[in-house]
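Ligands are counted one by one from 1 in listed order, and the atoms in each one are counted from 1 as well. Positions are given from 1, in the same order as the sequence printed here.
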Amino acid sequence: MNKNIGVLPGDGIGPEVVAEAVKVMNVIAKKFGHTFEYHYADVGAIAIDNTGDPLPSETLEVCLHADAFLFGAIGHPKYDNDPSAKVRPEQGLLRLRKELGLFANIRPVVAYDALLDLSPLKKERIQGVDLVMYRELTGGIYFGDKGRLNDGKSAYDTCLYHDYEIQRIVRLAFNAAQKRRKKVTLIDKANVLENSRLWREEFQKIAAEYPDIEVDYLFVDNAAMQMILWPKQFDVIVTGNMFGDIISDESSVIAGSLGLLPSASVGEKTAMFEPIHGSYPQAAGLNIANPMATILSAAMLLEHLDMVEEAAAIRVAVDKALREGYVTQDLNKEKYYSTSEVGDWIALKVKALEVSF
Ligand code: IPM
Ligand code: MG
C-alpha cells in the first residue's frame, strides 16, 4: 500500500517518542512492501514559537491531505502557570479535533501480565482487564459557549450536546462491542444534568437496534469508583467529552504506566493517533521517555488503514519488550534502557517476527 502519513511531533517528549514510532513504521513498510510518505508539521508551543499560532494553516493542510496522522504531545510549562495567556498550545489540539471532525476518541486499556505489580491497584482486581473507552471529542463543555460576566468575577462554560453528536459516537461504541465482549456502559450524570438525560434517550434508541449487546448505565461519580474497585466489569465505555477525559486518565492506572496507552481520534475527514500522555517537559531531550504508547498508537493507525497483520506485529513486539524487560525507567527503576534503545529493540523484533499471525 501507498500511504500519506502526517507527523505532528509537537512539544516536550513528543518529537522523541514520535521518532521511535516512525522507526518502527519504516520497518513495517519494508517488511510488508508498503510505501509510507511522511509529512511533518508543527503544532502546539513549538508552532506558537515559530508562527504565533498553535495550529498554523499549513499543519491543518498536512492533516487534511493525510490518510492518517501521528501526533506526539503538546504543552509547555510557560503556559500552564499563566491563566491569562490568550494563545495556548492546547488550542492547537482542540481546533485540530474540531476542524477535522474527530468526534470519537478511542482509548483501549489492557492490563499487561508483565506489569501487574507496577499498578498501585491489587493484582487480582486488574489481571485480565481489557476495556476500551469511546469518548466524545468535539462537543460538550469543551466547545460550548464560555465567557465572563460583565463584573469579570463570574465565569461560565456551557455543556451543549445535539442528538446527532450523541448518536454517531454511541453507534461506534455498539459496533465495537459487537466485535468484543458485547457490553456497552454509558457513563453520565443523568440524575442531575439535562444533557445527560438526552444521552440516555439517544443511547436507548440505538441500544434497541443491538439486542445482542448488554447495556449498563453508571453515574460518573460511581463510575470513577467502579474503575478502581472492579474494572473487569467494563468492555466498551461510551461517554461525553469531559467525563471521558477524566475517567480515561483514571483508567490508565490499570496499565501500570501512562507511557503505555495509545489512542485514536476518528471522525469525518481523517484520523489521528496519539499517546494519551502529555508533553512531560521535564524529560524533554533526555532520551528517557517511554515510546511504547506512541508505537502502539502507530499500530492503531495501521489497523485503521486495514493493515491488521502489521498492527499485530507491532503489538507482539511491544509485548515481548515488556516481558523481556526492554523498557524505559518508568517501568523498571533498576534495569532500564533509553527511549531510542527501546525503539531499536522493538523495531528489530518486528523485523525478525514471522509474518503470519
Ligand atoms: C487529553 C488532554 C486534552 C483534553 C488537553 C491537552 C486539552 O487532556 O487529550 O485527554 O483535555 O482533551
Ligand atoms: Mg486528558
Side-chain angles (χ1 to χ4, degrees), residues 8-15 17-18 42-48 53-55 59 63 69-83 85-109 131-144 146 157-161 165 169 187 220 223-224 227 237-255 257-267 271-284 289 293-294 296-297 300-301:
L8 278 54
D11 305 322
I13 58 170
V17 292
V18 163
D42 282 345
V43 68
I46 176 98
I48 300 178
D53 182 351
L55 181 64
T59 301
C63 299
F69 66 98
L70 260 184
F71 183 100
I74 48 151
H76 193 282
K78 71 182 170 199
Y79 300 98
D80 292 347
N81 302 322
D82 177 9
K86 289 267 174 295
V87 181
R88 317 181 66 81
E90 289 77 10
Q91 292 162 345
L93 181 58
L94 297 177
R95 271 176 48 213
L96 203 53
R97 291 172 178 170
K98 195 70 175 177
E99 303 212 17
L100 298 175
L102 305 172
F103 63 81
N105 184 225
I106 305 167
R107 297 184 167 182
V109 177
L131 64 87
V132 59
M133 299 249 339
Y134 276 69
R135 166 191 174 194
E136 202 290 327
L137 205 56
T138 52
I141 195 164
Y142 272 54
F143 292 95
K146 60 183 84 223
D157 296 89
T158 315
C159 186
L160 175 71
Y161 267 114
E165 293 175 306
I169 181 136
I187 294 179
V220 62
M227 187 57 76
I237 291 173
V238 65
T239 188
N241 205 341
M242 185 145 89
F243 296 156
D245 180 44
I246 298 167
I247 299 289
S248 65
D249 265 29
E250 190 194 10
S251 66
S252 73
V253 172
I254 293 167
S257 168
L258 207 53
L260 280 176
L261 296 183
S263 77
S265 299
V266 304
M272 159 165 125
F273 298 82
E274 61 171 320
I276 88 153
H277 59 69
S279 59
Y280 191 16
Q282 304 83 339
T294 316
L296 290 168
S297 301
M300 290 184 88
L301 181 153

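- Closest to atom 2 (C) of ligand 1 among all protein heavy atoms lies D245 OD1, 4.0 Å.
- Taking every heavy atom of both residues into account, D245 and Y142 meet most closely at OD2-OH, 3.0 Å.
- For D245, the N, O or S atom with the smallest separation from the Mg ion (ligand 2) is OD1.
- Looking at atom 4 (C) of ligand 1, its nearest protein heavy atom turns out to be Y142 OH, 3.5 Å.
- The closest donor-acceptor contact from the side chain of D11 to the backbone of A45 lies under 3.5 Å.
- The part of R107 lying near ligand 1 is the side chain, judged by heavy-atom distances below 4.0 Å.
- Panel note: side chain T59, backbone D42; a donor-acceptor pair is recorded below 3.5 Å.
- Among the atoms of R135, some N or O lies under 3.5 angstrom from an N or O of ligand 1.
- Under a 3.5 Å cut-off, the side chain of T158 and the backbone N or O of L160 do not form any donor-acceptor pair.
- Here the protein heavy atom with the shortest distance to atom 6 (C) of ligand 1 is E90 CG, 3.9 Å.
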_E250/S248 under side chain to side chain donor-acceptor pair (under 3.5 Å): CA gap, chis, key distance, verdict_ = CA-CA 5 Å; E250 190 194 10; S248 65; over 6 Å; no
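- For R97, every heavy-atom contact with ligand 1 shorter than 4.0 Å involves the side chain, none the backbone.
- Under the 3.5 Å distance criterion, the side-chain polar atoms of E90 are left unmatched by any main-chain donor or acceptor of G92.
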